Amino acid sequence: MARDISTVGVVGLGTMGAGIAEVLARSGLDVVTVELDEAGVARGRGHLEHSTERALSGGKLDAPGREALLGRIRYSTSLSDLSEVDFVIEAIPESFELKADVFAELDKITRPEVVFASNTSSLSITEIGVHTARPGKVVGMHFFNPAPVLKLVEIVKTVVTEPNVVAEVVEFAERLGKVPVVIGDRAGFIANALLFGYLNHAVRMYEQRYATREDLDAAMRFGCGYPMGPLALLDLIGLDTANEILDTMYHQSRNRLHAPAPLLKQMITAGLLGRKTGRGFYTYDAPDSPNVVPSDVVSTVDSVPPRPVARVGVVGTGTMATGIAEVFAKRGLDVVLRARSLEKAQASVARVKKSLDKAVVRGKLSEEDAAAALARITPVTDFEALADVDLVVEAVAEELPVKQAVFAALDEVVRPGAVLATTTSSLPVIECAASTSRPADVVGLHFFNPAPVMKLVEVVSTIATAPDVVATASAVCQEVGNHAVHCGDRAGFIVNALLFPYLNDAVKMLEAHYAGADDIDTAMKVGCGLPMGPFELLDVVGLDVSLAIQRTLYNEFREEGFAPAPLLEHLVTAGRLGRKTGKGFKDY
């Protein structure tokens, strides 16, 4: 089939339809587009002219190439003009009734061997296909927006799709320069099924005032390297579109985590649909503009003066402790590094020196600055040596009894008014605070590994943390060049609470034999622009660490959807822990 395709019909000329038509014409195919009326045709033509004009100004097309591309596209308001096409792609709005009607009509107009593809992002291809006399020749062909730029195409087969049709559509997608992944007919397919649960979770966090929109978005950009934060991404997608996809997913899965957050419906009712209306979670300077209007809301953190910090204590000798000591020392703060033995303390300082030397070799630090930073670190073995510090950061093993013992010891020796911080990534900060006589002075400072590289720090307030302690933690982060985000004392804080349920969902998808690990990784990297696929990331983090975090989330929230995937538990039991053991979801 793919070899015989020379003319393709595209039904619908919205943003997606116009983008798909451009992709087809760029590949040398003749395209016949159909819209409801002349106004729709004019809008679609405008999309194409604007997009190709941008490609021209960006040097991705020359003038003759643009003229030839636009010349390969014809416009119509009648489906009957598709009678001679070799392949049809439908890209009309996400309404099952509308799509079913279009497919039933196309079935009467086109030749019997012509394959139909729907660009739906969430509706059942099986249910659409049964409205034709050729359900074996109906597939999903889900392009991602903007179609001329994003490479992923999800090819969705049903239980009756003919195998040769799937193979030929894959070949056709490759001919268009796309990266196809083949999957079964399930709401959300791969990318949306994993992405929208995560986005919905972020909306619920914002709805509960657990964190601000800015902090939620910054946490995922700085903590995970995502190109956009979840709320900014929802504004780009459109809140109405997101709500439709989530609602469809919920009706298939009955997973409460897919039930659209009530705030979404309220915002849609109020007309706050995101960028397209000029206002969603953020306010934009005009409809369809990417430019956010700065907020005039003053943070409570900014309104409280911080305590002065010049001398910092770090407790621990692991990777995180030495990384934090390096961060503080490089920014001019005196650091007292406490270890259980002099040998451990000296080994930690040696690791800091090695890291500083690497920075010098890479030209990121002068030899003089590296030497000065190293000289600011004093290794000690007694807690009493921390008596006069202004801030202590605990970075010992992620075991509550161990951390509680450290805080009890600090409480006895550290001067009144000093801030006591824990770097825990999953344990309750209040449990550490309760081991002291000064819970108001205790805060979470969750650095990310490697601390000298990762700019994010989650500042975690308990119900007892004093406002000026939060302000101090924030000010220190700013002073050392880190980006602080604020949240409450809840399992996972922001990043892990959003990241690990998404990773767990990916494991469940693999477990159900819905798609392979490589295809799922490809879908999330190519379709969503993520730096790593979920299985690559799980293997890097360590499956044992991932399982422990997922169990913590489940034990705190008792949310059925957070229960660790059995496959994850089985792999950990079998000793397949990821890269560190050479075997995880993949073999190394």
Side-chain angles (χ1 to χ4, degrees), residues 2 5-35 40-75 85-87 89 91 117 119 121 141-155 169-181 191 195 221 225-228 232-233 235-238 241 274-276 284-292 522-531:
I5 294 176
S6 59
T7 305
V8 180
V10 176
V11 183
L13 266 182
T15 306
M16 281 307 305
I20 292 166
E22 182 181 336
V23 168
L24 295 165
R26 271 178 187 256
S27 301
L29 294 157
D30 291 323
V31 185
V32 182
T33 65
V34 180
E35 253 296 349
V41 167
R43 278 194 303 274
R45 194 192 296 267
H47 283 312
L48 280 154
E49 288 175 353
H50 178 66
S51 176
T52 52
E53 180 62 42
R54 277 204 333 224
L56 180 66
S57 60
K60 293 178 180 176
L61 264 182
D62 56 21
R66 177 176 184 253
E67 190 177 340
L69 186 159
L70 293 173
R72 284 192 282 271
I73 302 172
R74 287 180 282 148
Y75 301 90
V85 300
D86 307 310
F87 188 79
I89 301 173
N119 182 58
S121 57
M141 200 171 181
H142 179 216
F143 290 78
F144 285 70
N145 193 22
V149 176
L150 292 180
K151 295 293 184 185
L152 184 71
V153 175
E154 291 176 321
I155 310 296
V169 174
V170 166
E171 187 184 334
F172 180 59
E174 288 170 344
R175 179 180 164 190
L176 300 178
K178 298 300 181 183
V179 178
V181 293
L195 177 68
R221 285 189 293 111
Y226 284 12
M228 295 182 81
L233 180 55
D235 274 358
L236 176 62
I237 292 166
T241 302
R275 282 194 194 181
K276 59 188 171 188
Y284 302 86
D285 58 10
D288 291 317
S289 168
N291 303 316
V292 175
T522 298
M524 299 315 290
K525 287 191 294 181
V526 180
C528 300
L530 305 189

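As the structure is a computational prediction, the values presented were derived from the model and not from experiment.
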Which atom pair, heavy atoms only, marks the closest approach of [X] to [Y]?
X	Y	answer
Ala18	Leu48	O-CD2, 3.4 Å
Ala523	Ala191	O-CB, 4.4 Å
Leu150	Gly527	CD1-O, 4.1 Å

Give, for atom [atom1] of [X] and atom [atom2] of [Y], the distance between the pair rounded to the nearest 0.5 Å.
X	Y	atom1	atom2	result
Thr7	Asp30	OG1	CG	4.5 Å
Arg275	Asp235	CZ	CG	8.0 Å
Asn291	Asp285	CG	CG	4.5 Å
Leu24	Phe87	CG	CZ	8.5 Å
Ile155	Glu171	CD1	CD	12.0 Å
Leu70	Thr52	CG	OG1	4.5 Å

Check your understanding: Per the side chain to side chain contact (heavy atoms under 4.5 Å, CB included) rule, which among Val153, Leu152, Val181 passes with Val526?
Key ->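 Result for side chain to side chain contact (heavy atoms under 4.5 Å, CB included) with Val526: Leu152.
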Problem - Pair Arg43 + Glu35, salt bridge at N-O below 4.0 Å - result: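 Result for this pair is no, no salt bridge flagged.
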**Q.** Ion pair Glu174/Lys178, N-O distance below 4.0 Å
**A.**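 A salt bridge is absent here (no side-chain N lies under 4.0 Å from a carboxylate O).
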Is [Y] close to [X] at the side-chain level, that is, under 4.5 Å between some pair of heavy atoms?
X	Y	answer
Leu13	His47	no
Leu29	Arg72	no
Val31	Glu22	no

Show the numbers, then the answer: is there a side-chain hydrogen bond (donor to acceptor under 3.5 Å, both in side chains) between Thr15 and Asn145? CA-CA 8 Å; Thr15 306; Asn145 193 22; 5.5 Å; no
**Asked** Counting only heavy atoms not in Glu67, do more than 12 fall under 6.0 Å of its CD?
**Response**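 Not buried by this count: 12 neighbours or fewer within 6.0 Å.
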